[in-house]
2 protein chains.
Amino acid sequence: MKQEKVLYQDFLQSKNLKLTKPRLIIMEAVLENHDHFNVDDLYEQIKMKHKDVSRATIYRTIPLLIESGLVKQSLRCESKDIYEHTYGHENHLHFICTNCGKILESSFNEVEKLINQLAKNENFKISEYNLGASGLCKDCKK
Amino acid sequence: MKQEKVLYQDFLQSKNLKLTKPRLIIMEAVLENHDHFNVDDLYEQIKMKHKDVSRATIYRTIPLLIESGLVKQSLRCESKDIYEHTYGHENHLHFICTNCGKILESSFNEVEKLINQLAKNENFKISEYNLGASGLCKDCKK
DNA sequence: ATGCATTTGAGATTCATTCTCAATAAAGTT
DNA sequence: AACTTTATTGAGAATGAATCTCAAATGCAT
Ligand SMILES: [Mn+2]
Ligand SMILES: [Mn+2]
Ligand SMILES: [Zn+2]
Ligand SMILES: [Zn+2]
């Protein structure tokens, strides 16, 4: 919790970026949110808390959160980019139900190893995994 | 080559969809294209051949090609949806270079097995895999 | 050929994301 | 605490991919 905050602040300083109120508000919202979220979700979440930040600023700040390692762009849903906060969350893959939209997560230690091997064969340096599948969840299967 | 054409025609008939000139032109363009392509790529490719089809029709036809199993939505690049034709192409994963944009492909038989197992644990029925990673290709690594 | 339902093309529309720019806030200096 | 400099913000305009609309064209069964 504190850890991530410090990480972000250090990141901003190292880039000579100012520690502004909106940047802190957005970071806190992101850390509080343990789901997959899009920009509008964040915007509403922040408004609920009686804080206020414009959409433009959220759009501008997300790349910073990504570069600092707190957030990852994870999926696309309903033609919107979806994010999730990653610090402290293990790498995982997504099973997306095409019927109800539910997103299941599943950890992928072994898969990771295999993919690393494939990347090595290609002489490719992975910086981010993007693994998933779509189909039907157990409830929608019948 | 013929195989796919027949498959597509059968699909259209089974859905009571008409076998129109634009639908055939688009299908042929897709089959000739062994790369990853977006709608504009297809549009230009078709225009080169002195054929003519509107963008609107391409947008409308791609879902049909996907449903018929000839095409798969594969990636997003420069905020455009990217497709590739799948019939006859083995399942594969994508390594995308964040520096030069190059896309490497790598087959994933073993990975597939592991993911199938994970899906089984979740009682999830996979209909489409979506596997990849971003990072630096061998040329951009230095 | 004729008639009817489907499909097409052109342009309008939508909507997520990015951009612009005047007003504001951060942070360093006196 | 007031002053300076420079980055950042908010509001709304702009962009652009994808979708929609509707009159004209086409496929297809008779
Ligand atoms: Mn997730
Ligand atoms: Mn591919
Ligand atoms: Zn479901
Ligand atoms: Zn590269």
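Chain letters run A, B, ... following the sequence lines, proteins first and then strands; every chain starts at 1.
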Peer 1: Tell me which of Leu19(B) and Arg55(B) sits closer to the 5' end of DNA chain D, going by the nucleotide each one is nearest to.
Peer 2: Arg55(B)
Peer 1: What are the two closest non-hydrogen atoms of Gly135(A) and Ser127(B), and how far apart are they?
Peer 2: CA-OG, 3.5 Å
Peer 1: Closest approach of Tyr87(B) and Gln3(B), non-hydrogen atoms and distance?
Peer 2: OH-CG, 3.3 Å
Peer 1: Heavy atoms only, 4.0 Å cut-off, all strands: where does Asp81(B) land among base, sugar-phosphate and nothing?
Peer 2: sugar-phosphate
Peer 1: From CG of Asn16(B) over to C1' of dC4(C), roughly how many Å is that when rounded to an integer?
Peer 2: 14 Å
Peer 1: Once you round it to whole Å, what is the distance between P of dG10(D) and OH of Tyr59(A)?
Peer 2: 15 Å
Peer 1: Compare side-chain N and O positions of Ser79(B) against OP1 and OP2 of dA16(C) and report whether any pair is under 4.0 Å apart.
Peer 2: no
Peer 1: What nucleotide among dT8(D), dG12(D), dG9(C) has an atom nearest to a side-chain atom of Pro22(B)?
Peer 2: dG9(C)
Peer 1: Just how far, in rounded Å, is C1' of dT8(C) from CG of Leu24(B)?
Peer 2: 14 Å
Peer 1: Using whole Å, what does the distance between atom C1' of nucleotide dG10(D) and atom CD1 of Ile26(A) come to?
Peer 2: 12 Å
Peer 1: Is any side-chain N or O of Ser54(B) closer than 4.0 Å to OP1 or OP2 of dT8(C)?
Peer 2: no
Peer 1: Could you check how far CD1 of Ile58(B) sits from P of dT8(C), rounded to whole Å?
Peer 2: 11 Å
Peer 1: Any N or O donor-acceptor pair under 3.5 Å from the base of dT6(D) to the side chain of Lys18(A)?
Peer 2: yes
Peer 1: Taking the side chain of Val39(A) as its heavy atoms from C-beta onward, which of dT17(C), dG9(C), dT9(D) lies nearest to it?
Peer 2: dT17(C)
Peer 1: Just to confirm, is there a sub-4.0 Å distance from OP1 or OP2 of dT8(C) to any side-chain nitrogen or oxygen of Thr20(B)?
Peer 2: yes
Peer 1: Nearest whole angstrom, please: distance from the P of dA7(D) to the CZ of Arg23(A).
Peer 2: 11 Å
Peer 1: Are Asp40(A) and Lys80(A) ion-paired here, with the side-chain N under 4.0 Å from a carboxylate O?
Peer 2: no
Peer 1: Can you tell me the distance, in whole Å, between the CG atom of Asn38(A) and the P atom of dC15(C)?
Peer 2: 14 Å
Peer 1: Could Lys49(B) and Glu28(B) be called an ion pair, given the rule that one side-chain N must be under 4.0 Å from one carboxylate O?
Peer 2: no
Peer 1: Starting at atom NZ of Lys80(A), determine the distance to atom P of dT18(C), rounded to an integer number of angstrom.
Peer 2: 15 Å
Peer 1: When you look at Glu32(B) and His85(B), which way does the side chain to side chain donor-acceptor pair (under 3.5 Å) test go after all the steps?
Peer 2: CA-CA 9 Å; Glu32(B) 282 169 8; His85(B) 89 251; over 6 Å; no
